[in-house]
Chemist: 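This is the structure I have questions about; it appears just below.
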Amino acid sequence: MDNAQPHILIVDDDREIRELLSRFLEKQGMRVTAARDAREARRLWPLGRYHIAVLDIMMPGESGLDLARWLRTQSNVPIIMLSAMGEETDRIVGLELGADDYLPKPFNPRELLARMRAILRRANGEGGPGEADQRPLHFSGWTLEPARRRLLNPDGAEVPLTGGEYDLLAVLLERANRVLTRDMLMDILRGRQAGPFDRAIDVAVSRLRRKLEDDGRNPSLIKTVRGGGYVLAATVDRP
């Protein structure tokens, strides 16, 4: 992915926020397309090749969650959700739909920029988790290919992963058979500590288990350690 001038799609019904973010991000060398609602975003979607979509959850008509669900049928573009404080359930639903990150309102535009740059670096294989060694990782019949950022099932078919899902799997594989707490995973993946009600890691693990066909009620691959966190219980080979 060429991010010399990343193209950002911003969808927010607040004109002041749209204009502020557009001016700020354009000064940072990004190209911005802004939409006032999901309907306009759907119209603009085929007209550009977007590197990141920033979606407000609460919008009149079709919500940001509905738009995120639709975007996931179109591509694996990284999605950052904007949510008002206290919308914990909506944030969790957004992550379950495949959003890569979320930011509570009000927020500092520089924090959003930092999240975007982290996503773009990972998409380009620059310093992302598990990117130092590009050799494939083989585990329990599955294969993760860091060079192409893709997951292959035991039959050799590709299983689509969002950027966040790929990064989480890469971290677990690099530290296979080691217990990783939620705080450790949050710190490695997002550079911030998990709050007491932050279920982002739990949601991401649940999504990853489904992709790996790992029974969530009795997982054999990504196991939950009570009071500890998670551990990937498998032998990982890197030929």
Side-chain angles (χ1 to χ4, degrees), residues 1-3 5-15 17-18 21-22 25-26 30-84 87-105 107 109 111-124 128 148-151 158-169 189-190 199-201 203-208 210-211:
M1 182 184 294
D2 178 10
N3 69 338
Q5 189 182 37
H7 193 178
I8 311 300
L9 175 65
I10 295 175
V11 188
D12 197 305
D13 63 308
D14 189 318
R15 185 177 67 178
I17 289 179
R18 292 198 308 272
L21 288 180
S22 295
L25 294 175
E26 285 169 355
M30 297 184 178
R31 178 185 173 193
V32 178
T33 295
R36 63 180 178 273
D37 55 26
R39 181 178 180 181
E40 185 175 17
R42 287 174 181 263
R43 180 179 63 81
L44 294 171
W45 176 255
L47 305 180
R49 179 175 176 270
Y50 301 101
H51 295 79
I52 299 175
V54 180
L55 314 179
D56 183 28
I57 287 181
M58 295 297 293
M59 294 188 292
E62 192 176 3
S63 73
L65 297 175
D66 294 326
L67 181 57
R69 184 180 292 106
W70 180 80
L71 285 176
R72 275 292 161 260
T73 69
Q74 306 298 308
S75 80
N76 279 326
V77 62
I79 296 173
I80 298 177
M81 307 295 298
L82 302 179
S83 64
E87 293 177 350
E88 183 72 17
T89 300
D90 285 341
R91 290 202 297 269
I92 291 170
V93 172
L95 292 166
E96 288 175 340
L97 292 174
D100 293 81
D101 206 347
Y102 66 82
L103 201 58
K105 290 182 175 182
F107 61 89
E111 173 69 9
L112 177 62
L113 178 63
R115 303 284 183 92
M116 288 180 171
R117 285 177 170 167
I119 287 173
L120 292 170
R121 283 196 301 270
R122 292 198 296 267
N124 283 278
R148 302 180 67 179
R149 289 180 67 87
R150 68 174 190 168
L151 174 67
E158 181 175 358
V159 177
L161 296 178
T162 66
E165 290 165 355
Y166 171 87
D167 290 334
L168 175 59
L169 180 56
L189 293 169
R190 303 187 180 199
R199 287 185 51 202
I201 293 298
V203 172
V205 167
S206 178
R207 286 181 56 83
L208 194 52
R210 290 198 295 270
K211 296 288 182 73

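Computed from a prediction, not measured in an experiment: that's the story for all the values here.
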Chemist: Considering non-hydrogen atoms only, spot the tightest contact between Leu44 and Ala34 and give its length.
Modeler: CD1-O, 3.8 Å
Chemist: Taking atom CZ of Arg39 and atom CD of Glu62, what is their separation to the nearest 0.5 Å?
Modeler: 10.5 Å
Chemist: Let's go through Ile52 and Met30 carefully: what are the C-alpha distance in whole Å and the side-chain angles of both, what is the deciding distance for side-chain contact (heavy atoms from CB on, under 4.5 Å) to 0.1 Å, and is it a yes or a no?
Modeler: CA-CA 11 Å; Ile52 299 175; Met30 297 184 178; over 6 Å; no
Chemist: Out of curiosity, Arg117 CZ to Leu112 CG, how far, rounded to the nearest 0.5 Å?
Modeler: 11.0 Å
Chemist: Shortest non-hydrogen contact from Ala41 to Leu67?
Modeler: CB-CD2, 3.8 Å
Chemist: Could you point out which residue of Asp12, Ile10, Asp14 forms a side-chain contact (heavy atoms from CB on, under 4.5 Å) with Leu21?
Modeler: Ile10
Chemist: Start with the C-alpha distance between Leu71 and Leu55, add both sets of side-chain angles, then the distance that settles side-chain contact (heavy atoms from CB on, under 4.5 Å), and finish with yes or no.
Modeler: CA-CA 11 Å; Leu71 285 176; Leu55 314 179; 3.9 Å; yes
Chemist: Distance check, rounded to the nearest 0.5 Å: Arg115 atom CZ versus Phe107 atom CZ?
Modeler: 10.5 Å
Chemist: Which atom pair, heavy atoms only, marks the closest approach of Ala53 to Val77?
Modeler: N-CG2, 4.1 Å
Chemist: About how many Å separate OG1 of Thr33 and CZ of Arg18, when rounded to the nearest 0.5 Å?
Modeler: 12.5 Å
Chemist: Evaluate the salt bridge (Lys or Arg N to Asp or Glu O under 4.0 Å) criterion for residues Asp37 and Arg42: first the C-alpha distance (whole Å), next the side-chain angles of each, then the deciding distance (0.1 Å), finally the verdict.
Modeler: CA-CA 9 Å; Asp37 55 26; Arg42 287 174 181 263; over 6 Å; no
Chemist: Give the intermediate values and the outcome of side-chain contact (heavy atoms from CB on, under 4.5 Å) for residues Arg207 and Thr162.
Modeler: CA-CA 10 Å; Arg207 286 181 56 83; Thr162 66; 4.2 Å; yes
Chemist: Which pairs with one or both residues in residues 72-81 pass salt bridge (charged side-chain N to carboxylate O under 4.0 Å, His left out), sequence neighbours excluded?
Modeler: Arg72-Asp100
Chemist: Could you tell me which residues satisfy salt bridge (Lys or Arg N to Asp or Glu O under 4.0 Å) with Arg69, sequence neighbours excluded, listed by chain and number?
Modeler: Asp66
Chemist: Just how far is it from atom CE of Met116 to atom CG of Leu25, taken to the nearest 0.5 Å?
Modeler: 5.0 Å
Chemist: Between the main-chain N or O of His7 and the side-chain N or O of His51, is there a donor-acceptor pair closer than 3.5 Å?
Modeler: yes
Chemist: Ignoring hydrogens, what is the shortest heavy-atom contact between Ala38 and Val11? Give both atom names and the distance.
Modeler: N-CG1, 4.2 Å
Chemist: Under the salt bridge (Lys or Arg N to Asp or Glu O under 4.0 Å) rule, collect the residues that match up with Asp56, sequence neighbours excluded.
Modeler: Lys105
Chemist: Are Asn76 and Leu161 close enough that some pair of their side-chain heavy atoms sits under 4.5 Å apart?
Modeler: no
Chemist: Is the closest side-chain heavy-atom distance between Lys211 and Leu169 below 4.5 Å?
Modeler: no
Chemist: Minimum heavy-atom separation for Met81 and Ala99, please, with both atom names.
Modeler: CG-CB, 3.6 Å
Chemist: Compare every heavy atom of Leu120 with every heavy atom of Pro6, then report the nearest pair and how far apart it is.
Modeler: CG-CD1, 3.6 Å
Chemist: When rounded to the nearest 0.5 angstrom, what distance separates CG in Leu151 from CZ in Arg148?
Modeler: 13.0 Å
